[in-house]
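It should be emphasised that the depicted structure is a prediction, and the values quoted were computed from it without experimental measurement. Throughout, numbering of the chain's residues begins at 1 and tracks the sequence.
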Amino acid sequence: MTSVLRFRSIWGVDAGVNYANWARWFPTLKSQSYTGVEIDIAPFEDLAAIRRLCDEVGLEISVLIHTLWPMYAGPKPPGLTPRDHLAGYRTQLERAKTLKPYKINAHSGDDQWSVDEAVEFFEGSLLVDAEVGLQGKVCHETHRNRAFFSPYSTARVLKRVPSLRVTADFSHFVVVCERLLDQGEEDKELLRTIIPHVNHIHARMGTTQSSQCPEPTNPIFAEERRFFEDSWKQIIESFATGTFKSEPITFVPEYGPFPYHPFGAASDFSDVADREASRLHPLFEEWAKAAAARS
């Protein structure tokens, strides 16, 4: 049976001087049944210290990278080509490799590219993965600002580069399209095209107007919860019976700070993430077990 592993995003949690805050926090994550942490390496120089810290606690690392424009700081750099992003991608993969990553989640490319330009980048990315020795480790996220900002462009690219692995964060698609993506046959077909490529899940519920629900289990978000849980179930079932069935499936309850988390929300974003991790993990395992039994 496909195993399900949960990773915790460190987004919004200050590392502290010499990673002191993380050193106090990471044992708690281990006790909460997290397999590892997902870390955006852009702001950090001493990656060896992060690896040592995780080794001491027994946590794996999923590395988050940006091909260029790290952390979306400052104005968007204009005119960057697929070749530019491939050069940045190679540099970031070489840095990520020093952390011995379990998985790499990439914010890849540029939302202003044509499909042909995106295909040029993603075909090149597979060559870079192999050259750097990280083949099969990288998943490209469905994320705004990036080449996979829309389900339409994502589906078109995947049809032409079918061996790509994807991180599914459908909260971005829902905001971009301003609808839950099960409103018609076209929506469902888009997801049917994308889901077989999903190798990593950012399990965050959003709405048609925001990419993060402040209280995922509140009845006011019943329709959103129905859509997202159904989408995740489809992913788990595809994973358990498809190309990746011999691998564990990984997920991150990726709830971030303001402005993702609404001002004045009843719960802290970090508490929401941990509650969702505990709620979803057994659901994902149940779905994986049922899918494997049917196959």
Side-chain angles (χ1 to χ4, degrees), residues 64 66-67 69 72 76 82 85 105-123 125-126 138-213 216 221 223-239 241-244 249-256 260 280 284 287:
L64 190 155
H66 307 78
T67 56
W69 196 18
Y72 305 98
K76 180 179 179 180
H85 274 266
N105 178 49
H107 289 200
S108 300
D110 193 321
D111 59 1
Q112 62 90 26
W113 285 347
S114 67
V115 171
D116 285 344
E117 287 172 310
V119 167
E120 178 186 346
F121 168 82
F122 285 113
E123 286 181 337
S125 76
L126 294 172
V138 183
C139 300
H140 301 273
E141 186 173 347
T142 61
H143 200 286
R144 288 168 295 163
N145 272 316
R146 297 298 178 172
F148 282 170
F149 75 100
S150 157
Y152 293 97
S153 57
T154 303
R156 289 170 185 144
V157 170
L158 291 174
K159 287 177 179 178
R160 293 174 58 181
V161 194
S163 56
L164 281 179
R165 295 179 178 223
V166 170
T167 296
D169 188 337
F170 292 163
S171 68
H172 292 280
F173 284 170
V174 166
V175 173
V176 167
C177 294
E178 209 172 27
R179 66 182 184 276
L180 300 176
L181 288 169
D182 58 358
Q183 303 302 294
E185 188 56 33
E186 181 183 72
D187 292 342
K188 295 173 185 177
E189 180 60 26
L190 285 169
L191 293 193
R192 281 196 293 266
T193 299
I194 295 165
I195 281 172
H197 301 270
V198 174
N199 191 252
H200 188 46
I201 303 171
H202 275 190
R204 182 177 65 237
M205 276 176 50
T207 77
T208 60
Q209 305 302 320
S210 63
S211 57
Q212 184 165 304
C213 285
F221 298 118
E223 276 300 288
E224 287 82 1
R225 188 166 63 254
R226 177 196 56 75
F227 164 74
F228 279 95
E229 290 183 6
D230 182 63
S231 298
W232 297 332
K233 185 178 182 182
Q234 290 179 55
I235 291 169
I236 297 292
E237 290 174 343
S238 174
F239 201 104
T241 60
T243 305
F244 308 128
I249 189 163
T250 53
F251 83 98
V252 179
E254 198 209 26
Y255 286 80
Y260 266 69
L280 292 174
F284 286 5
W287 296 338

Quick check for you: to the nearest 0.5 Å, what is the distance between [X] atom [atom1] and [Y] atom [atom2]?
| X | Y | atom1 | atom2 | result |
| --- | --- | --- | --- | --- |
| Leu181 | Glu189 | CG | CD | 13.0 Å |
| His202 | Trp232 | NE2 | CH2 | 12.0 Å |
| Thr167 | Asn199 | OG1 | CG | 7.5 Å |
| Ile201 | Ile235 | CD1 | CD1 | 4.5 Å |
| Leu280 | Glu229 | CG | CD | 6.5 Å |
| Leu126 | Ser163 | CG | OG | 4.5 Å |

Specify the closest pair of heavy atoms between [X] and [Y], including all atoms of both residues, with the distance to one decimal.
| X | Y | value |
| --- | --- | --- |
| Arg225 | Pro216 | NH1-O, 2.9 Å |
| Glu123 | Val161 | CG-CG2, 3.9 Å |
| Leu158 | His197 | CD1-CD2, 3.7 Å |
| Ser238 | Ile195 | CB-CG2, 3.7 Å |
| Ser171 | Arg204 | OG-NH2, 3.0 Å |
| Phe149 | Val176 | O-CG2, 3.4 Å |

Please find out if less than 6.0 Å separates the ring center of Phe148 from that of Phe122. yes

Determine whether [X] and [Y] make a side-chain contact, defined as any pair of heavy atoms from C-beta on separated by less than 4.5 Å.
| X | Y | result |
| --- | --- | --- |
| Asp116 | Arg160 | yes |
| Phe173 | Leu190 | no |
| Pro151 | Cys177 | yes |
| Cys139 | Arg165 | yes |
| Asp110 | Glu117 | no |

Does a sphere of radius 6.0 Å around NZ in Lys159 hold more than 12 heavy atoms from other residues, nucleotides or ligands, not counting ones at 6.0 Å or beyond? no

Working for side-chain contact (heavy atoms from CB on, under 4.5 Å), residues Tyr72 and Asn145: CA-CA 9 Å; Tyr72 305 98; Asn145 272 316; 3.7 Å; yes

Between Trp113 and Phe121, what is the ring plane arrangement, given parallel below 30°, perpendicular above 60°, and tilted in between?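 If you compare the ring of Trp113 with that of Phe121, the planes turn out tilted.
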
Among all residues two or more places apart in sequence or in another chain, which pass the salt bridge (charged side-chain N to carboxylate O under 4.0 Å, His left out) test with Glu185? Arg192

For Glu237, enumerate each residue passing the salt bridge (charged side-chain N to carboxylate O under 4.0 Å, His left out) test, keeping only those at least two apart in sequence or located in another chain.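 Testing Glu237 for salt bridge (charged side-chain N to carboxylate O under 4.0 Å, His left out), a comparison that skips the adjacent residues, returns Arg294.
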
Pair Phe227-Gln183, side-chain contact (heavy atoms from CB on, under 4.5 Å): steps then yes or no: CA-CA 10 Å; Phe227 164 74; Gln183 303 302 294; over 6 Å; no

Stepwise, does the side-chain contact (heavy atoms from CB on, under 4.5 Å) test hold for Tyr260 with Tyr255? CA-CA 8 Å; Tyr260 266 69; Tyr255 286 80; over 6 Å; no

Test side-chain contact (heavy atoms from CB on, under 4.5 Å) on His200 and Phe244 and set out the steps. CA-CA 11 Å; His200 188 46; Phe244 308 128; over 6 Å; no

Do side-chain atoms of Thr142 reach the backbone of Ala168 as a donor and acceptor pair under 3.5 angstrom? no

Using only atom types and a distance under 3.5 Å, with no angle test, would you say the side chain of Glu224 pairs donor to acceptor with the backbone of Met205?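 Side chain of Glu224 to backbone of Met205: no pair is present.
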
Residues in side chain to side chain donor-acceptor pair (under 3.5 Å) contact with Thr207, at least two apart in sequence or another chain: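 Thr207 satisfies side chain to side chain donor-acceptor pair (under 3.5 Å) with Ser210 once adjacent residues are dropped.
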
State which residue, out of Arg144, Glu254, His172, His143, fulfils the side chain to side chain donor-acceptor pair (under 3.5 Å) condition with Ser211.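 When Arg144, Glu254, His172, His143 are each tested with Ser211, the side chain to side chain donor-acceptor pair (under 3.5 Å) holds only for Arg144.
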
